[in-house]
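This report refers to the structure that appears directly beneath it.
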Number of protein chains: 2
Amino acid sequence: MTEVNERRERARADRAAFPDGGSLSGAQVLDAALALIDREGMDALSMRKLADSLGVYPATIYWHVGNKNQLIAKVCQRVFDSIELAEVGDVPWTAWIRQLATSARTVMGRHPSLAAGFTSTIQVSASSLTLADRLMQVLEGAGFRGERLVMVYNTVLGTIFGWISAEFATELANSDSDWTAEYAAALNEASDEELPAIRRNLLLVANRVFMLRWTSGRTTPMEGSFDFMVETMIAGLERMLERDDRPL
Amino acid sequence: MTEVNERRERARADRAAFPDGGSLSGAQVLDAALALIDREGMDALSMRKLADSLGVYPATIYWHVGNKNQLIAKVCQRVFDSIELAEVGDVPWTAWIRQLATSARTVMGRHPSLAAGFTSTIQVSASSLTLADRLMQVLEGAGFRGERLVMVYNTVLGTIFGWISAEFATELANSDSDWTAEYAAALNEASDEELPAIRRNLLLVANRVFMLRWTSGRTTPMEGSFDFMVETMIAGLERMLERDDRPL
DNA sequence: ACCTGAACACCGTTCAAGT
DNA sequence: ACCTGAACACCGTTCAAGT
């Protein structure tokens, strides 16, 4: 308890060194929250710890950012804003989507704890509306219209952001001790009769594919598969476009 | 407080009517947890509420299922187990994947609150290993081998499960009152210069596409787009297979 | 084996009061 | 406008003790 007070005092001193002489800004709160999330994970984020790290009482956080849900939404926003889009018209639609995909994954990969729940947290904002509009422009440019445009748009965003959140998700059960050992054991017990394909490809897939890995994308990225997925989706869309060209 | 005791008493009475005379089984705990999640949402799940709903003290839950993370993992497992796979070899690989996709979405759609965080929670189990193995068999049968097999496998699972969790995710900010109004306002303020594509397609996309909807997949499903996404992925994989057939 | 009863440390949120 | 200090209701988890 005095320990907490000491930490608070130190943080307060740091804060006093700021240009404006110690008054907290909303941006500082968001930065501190993101730092805390990156350092200790999403589950460890609490309003009280965050307040402590800023040398301030919990209620102060509420004054700046509203409640915890809003705090998280704003942090996600901040990260989301740094996704870089190509100018519409500068590149072919396929290249534009590739750029969106790789930038989104790079940005979210810097904050894996956030990425896991990211899809739940997308909030309306200038930059999310901008992304939506640009993507729609690009897809219109490619020739998609009406109901088809809706489906293609959803396909692009759903696969890209859905994948990213799946890749960086942590396994809950991981919090337990010998989870890894248990997993490896289960995999090795895979018999030729029951799990022949896993057995055949064990070295190839162990800890490298969904449902057969015991570390998340944080420690074992799946960049190759992600890129392949994006290429597959684009190839699929091209084929859809060809089919669409024919008279129905 | 007496209110809680009353509820506990009633639940205990219900429990006493069970075949074995009132002793709690692990399965009963999981069923009650899933019911609570479906009824009040993931955030409302607490060990104490769950205990109350079973007419039991919190510590009893710990005896049956370990801690909260393990509880959630087991509940996910239970839902996951009801995904139905086609027999390998009974249908072409494309149909097999289609079946996996629609069954997975149907099953998860029955428990949207769970679906949102589902990717974080997949645990090793008999049925998840089985799914992994069958999918690998199917993809081998289609002609994918080695590193290519890894990427295709990840593409299939990453897009299907990633999408589903994105579709059924709730918007956090939704907990606030006039979120919808705010959103609609932001969309209507979309000017022709800043957001031309959204403006052009407003009626088409409003509340129907990712990042431009204010209700989640629970109330506004995106089945059409999901099916299209699956077809796109399959078409893309077919093209990848053709490319692969040519000498590199 | 299964459950009680109570405790511990922690949490989100609110609110009057200070400056 | 910005922050303190304290309070309220709730939470996950543990543990000795009961049967």
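Computed over heavy atoms, backbone and side chain alike; hydrogens, waters and symmetry mates excluded. So you know, we letter chains A, B, ... as the sequences are listed, proteins then strands, and number each from 1.
With a cut-off of 3.5 Å on both pairing distances, the Watson-Crick or G-U wobble partner of D:dT19 is C:dA1. Using the Watson-Crick or G-U wobble rule with both distances under 3.5 Å, D:dC8 pairs with C:dG12.
Atom CG of A:L45 and atom P of C:dC10 are 16 Å apart (whole Å). Following rounding to the nearest Å, B:Y62 (OH) and D:dC15 (P) show an atom-to-atom distance of 12 Å. Whole-Å rounding puts the A:K49 NZ to C:dG12 P distance at 9 Å. Rounded to a whole Å, the NZ atom of A:K68 is 4 Å from the P atom of C:dG12. Rounded to an integer number of Å, the gap from A:D43 CG to D:dT13 P is 10 Å. The distance from atom CE of B:M47 to atom C1' of C:dA9 is 17 Å, rounded to the nearest whole Å. In this structure, A:I61 places its CD1 atom 18 Å from P of C:dC15, rounding to the nearest Å. In this entry the distance linking CZ of B:R48 with P of C:dC11 reads 15 Å, nearest Å.
Of the candidate nucleotides D:dG12, C:dT13, D:dC11, C:dT13 has the atom lying nearest to any side-chain atom of A:P58. Between D:dT13, D:dT4, C:dC3, one nucleotide has an atom nearer to the side chain of B:N67 than all others, and that is D:dT13. Ranking D:dT14, D:dT13, D:dT4 by closeness to the B:A59 side chain, first place goes to D:dT14.
At the heavy-atom level, A:S46 lies under 4.0 Å from the strands shown only through sugar-phosphate atoms.
The structure places CG of B:L100 at 13.5 Å from CZ of B:R105, a figure rounded to the nearest 0.5 Å. The distance from atom OG1 of A:T159 to atom CZ of A:F226, rounded to the nearest 0.5 Å, is 8.0 Å.
Phosphate contact (OP1/OP2 of D:dA1, side-chain N/O of A:H64, threshold under 4.0 Å): absent.
By the 4.5 Å heavy-atom criterion applied to side chains, B:H111 and B:D38 are counted as neighbours.
Proximity of a side-chain donor or acceptor of B:S103 to a complementary backbone N or O of B:E84 within less than 3.5 Å is detected.
Between B:W163 and B:F210, the ring planes lie perpendicular to each other; the angle is over 60°, past the 30° to 60° tilted range.
Taking for each of A:A44 and B:W63 the nucleotide of DNA chain C with the nearest heavy atom, the 5'-most of the two is the partner of B:W63.
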